[in-house]
Amino acid sequence: MAIRVRVFASLKERLGIEQTEMTPEGIGCVADVWRRLTGDDLPAQVLAAVNMNHAGPDAPVRDGDEVAFFPPVTGG
């Protein structure tokens with residue numbers, strides 16, 4: 001199996017991907033997924049979800065999970 005990763009809104013445009021899959025080896029939490037995806041630490045303002053539930057950077061990620069990243073919500 002694999003970890004499915006989805007990226008939304010401005011993050012999708014910035015990273016140039018909408019979704020991808022990655023092998024679960026070496027991934028234990030949301031921050032690990034972001035690090036593998038971008039090569040950087042997870043910015044505090046980026047929101048994440050695991051299997052459609054809000055998740056912090058230390059939330060566990062397992063084989064078969066879906067992880068989603070969202071830019072901060074703004075309004076006006």
Side-chain angles (χ1 to χ4, degrees):
M1 290 190 74
I3 296 168
R4 182 175 177 198
V5 182
R6 302 185 72 192
V7 181
F8 293 93
S10 61
L11 290 176
K12 176 176 72 174
E13 296 169 12
R14 190 177 103 201
L15 298 175
I17 61 167
E18 183 172 354
Q19 66 180 29
T20 188
E21 290 188 353
M22 58 181 62
T23 59
E25 289 80 24
I27 292 178
C29 66
V30 167
D32 293 339
V33 174
W34 181 265
R35 194 170 297 111
R36 186 179 293 175
L37 189 66
T38 67
D40 293 323
D41 291 335
L42 180 64
Q45 69 271 22
V46 171
L47 305 174
V50 176
N51 299 326
M52 298 187 196
N53 294 304
H54 177 72
D58 296 331
V61 175
R62 295 177 182 83
D63 192 13
D65 284 347
E66 178 183 83
V67 179
F69 294 101
F70 307 86
V73 177
T74 59

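Along the sequence shown, residues carry numbers from 1.
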key: Linked, directly or transitively: Val61 and Met22 (ILVMFWY side chains, under 4.5 Å)   = yes

task = Kindly give the heavy-atom pair with the smallest separation between Ala48 and Val30, and that separation in Å.
result = CB-CG1, 3.6 Å

ask   = Can you find a heavy atom in the side chain of Pro60 that is under 4.5 Å from one in the side chain of Cys29?
value = no

ask   = With hydrophobic residues grouped by side-chain heavy-atom distances under 4.5 Å, do Val67 and Phe8 end up in a single group?
value = no

By side-chain contact (heavy atoms from CB on, under 4.5 Å) - contacts of Gln45 (at least two apart) = Pro43, Pro72

query = Taking only residues two or more places apart in sequence or in another chain, which ones pass side-chain contact (heavy atoms from CB on, under 4.5 Å) with Gln19?
reply = Arg4, Arg6

remark   = Rounded to the nearest 0.5 angstrom, the CD1-CD distance for Ile3 and Glu66 is 11.5 Å

task = Looking only at non-hydrogen atoms, find the nearest pair between Ala49 and Phe70 and report the distance.
result = CB-CE1, 4.0 Å

message = Tell me every residue that passes side-chain contact (heavy atoms from CB on, under 4.5 Å) with Thr20, counting only those two or more places apart in sequence or in another chain.
response = Val5, Ile17, Leu37

query = Can you pull the side-chain hydrogen bond (donor to acceptor under 3.5 Å, both in side chains) pairs that have at least one residue in residues 50-60, sequence neighbours excluded?
reply = Asn51-Asp65

note = On a heavy-atom basis, the closest approach of Val50 and Ala55 is CG2-CB, 3.7 Å

ask   = Looking only at heavy atoms, which two atoms of Asp32 and Gly26 are closest? And how far apart?
value = OD2-O, 4.0 Å

query = Under 4.0 Å between a Lys/Arg side-chain N and an Asp/Glu carboxylate O for Asp40 and Arg35?
reply = no

ask   = Which ring pair (Phe, Tyr, Trp, His ring centres under 6.0 Å) pairs, counting each pair once, include a residue from residues 14-43, with sequence neighbours left out?
value = Trp34-Phe69

query = Can you name the side chain to side chain donor-acceptor pair (under 3.5 Å) partners of Arg36, sequence neighbours left out?
reply = Thr23

remark   = Pro57 and Leu42 have their tightest heavy-atom pair at CB-CD2, 3.9 Å

